[in-house]
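Each remark here refers to the structure printed beneath this line.
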Number of protein chains: 2
Amino acid sequence: MRERPYKHALDLLQRAGLRPTKQRLALARFLFDGHDRHVTAEQLHARALEDRVSVSLATVYNTLHQFTRAGLLREVVVDANRSYFDTNTSEHHHFFHEKTGELQDIRDVVVANLPQPPAGARIARVDVVVRLDDTDESGDVVTHSGPADRADI
Amino acid sequence: MRERPYKHALDLLQRAGLRPTKQRLALARFLFDGHDRHVTAEQLHARALEDRVSVSLATVYNTLHQFTRAGLLREVVVDANRSYFDTNTSEHHHFFHEKTGELQDIRDVVVANLPQPPAGARIARVDVVVRLDDTDESGDVVTHSGPADRADI
DNA sequence: TCAACAGTTTAGAATCGTTCTAAAGAAACC
DNA sequence: GGTTTCTTTAGAACGATTCTAAACTGTTGA
């Protein structure tokens, strides 16, 4: 994961059949540095500008969609107001912290007893979103024995 | 479920502490007629106009949110482009037909092995969205023995 | 090397769903 | 009825996203 970022990003672009432009390279280098990330277009744009990479918001959107089509990213729908893109494209699910808008990958969730899809349809994907609240406005400490062990719903 | 729609709607509004205006009554009568419905604001608005109930889109939005706050509806986030409101407020999950934008309730899904939420957070809700594709552009018949039985993911 | 084409970026306009605003209208209360 | 409070509404405003058309850049091949 600590590999030569330029080379790695270049590689990904080439495999996706995308010309390695300055903008795409910069975005890819940031997105695919080995961390699992959940970014919105605005966040990624801001980040690029911080790094003094001049790129327009339109290009950020284009690039995110191209990367998604290429299977490098996965779009996560959790919030009606913004789209998140996840650099982790393997099977997994999410905690979504409603207050902060933060997403967090969770693994090993088991979904069972799904009904058969209607005729003519096929399951494309199963998404589990666990929405999180703050425990308590009073600032109480969380005793780690609480509820939330009743994993079934 | 076949009860006097006026009375039932009136009742719901009263219990929710909302003045029974013409608009709210009309929307409530349609929404809570005993069927499970998944509506967008636009759809509900169009439907009201068909029924010759004059109501503005702003009021439809207001009303949907008021009903949601009152626990009469549940907002479902499945599509980045529109909000759905579900008249079924009990524990259940959804099939989402990506092509048509249709939602369908599914019951009895089991979600297990959820990790503990991070300290300070509490699970507010678990949403399972099963995204559906068309089986096949060639129009093949679905043999009901196919995949989609491997319910775990 | 360079022309020429195809793919890319961009600013800004446009779009779309949704929310806001301020004023007019209706329900509730005395 | 008069007054207060809640509702509705048209239209403006908004924020995220997409589109447009023109400028730009990578690539290819002579």
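Note that these values count all heavy atoms, side chains included, but never hydrogens, waters or copies made by symmetry. Here is how names work: the chains are called A, B, and so on, in the same order as the sequence lines, proteins then strands, and each is numbered from 1. Since we're looking at a predicted model, the values are computed, not measured.
DNA chain C lies under 4.0 Å from at least one heavy atom of each of the following residues of residues 16-25 of chain A: A/Arg19, A/Thr21, A/Gln23, A/Arg24.
With sequence neighbours excluded, the residues forming a side-chain contact (heavy atoms from CB on, under 4.5 Å) with B/Gln23 are B/Thr21, B/Val55, B/Thr59, listed by chain and number. Considering only residues two or more places apart in sequence or on other chains, A/Gln43 meets the side chain to side chain donor-acceptor pair (under 3.5 Å) condition with none of them. With sequence neighbours excluded, the residues forming a side-chain contact (heavy atoms from CB on, under 4.5 Å) with B/Asp86 are B/His38, B/Arg74, B/Val76, B/Asn88, B/His92, B/His94, B/Asp105, listed by chain and number. Applying the side chain to side chain donor-acceptor pair (under 3.5 Å) criterion to B/His45, with sequence neighbours excluded, gives no partner residue. Scored by the side-chain contact (heavy atoms from CB on, under 4.5 Å) test, B/Phe85 finds B/Val39, B/Leu64, B/His65, B/Thr68, B/Leu73, B/Glu75, B/Ser83 as partners (sequence neighbours excluded). Every residue was checked against the side-chain contact (heavy atoms from CB on, under 4.5 Å) condition with B/Ala46, not counting sequence neighbours, and none meets it. Under the side chain to side chain donor-acceptor pair (under 3.5 Å) criterion, A/Gln14 pairs with no residue at all, not counting sequence neighbours. In this view, A/Arg19 satisfies the side chain to side chain donor-acceptor pair (under 3.5 Å) rule with no residue, not counting sequence neighbours.
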Detail all sub-3.5 Å separations between protein N/O atoms and N/O atoms belonging to nucleotides 17-19 of chain D.
unit_1 : atom_1 : unit_2  : atom_2 : d
D/dT17 : OP1    : A/Ser83 : N      : 2.9
D/dT17 : OP1    : A/Ser83 : OG     : 3.2
D/dT17 : OP2    : A/Tyr61 : OH     : 2.3
D/dT17 : O5'    : A/Tyr61 : OH     : 3.0

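Nucleic acid contact class of B/Thr63 (heavy atoms, under 4.0 Å, all strands): none.
Other members of the cluster containing B/Val77 are A/Val77, with ILVMFWY side chains joined at under 4.5 Å, either directly or via other members.
For DNA chain C, the outermost nucleotides in 5' to 3' order that have an atom under 4.0 Å from a heavy atom of chain A are C/dA6 to C/dA11.
For A/Arg131 and B/Asp127, the salt-bridge test passes: some basic side-chain N is under 4.0 Å from an acidic carboxylate O.
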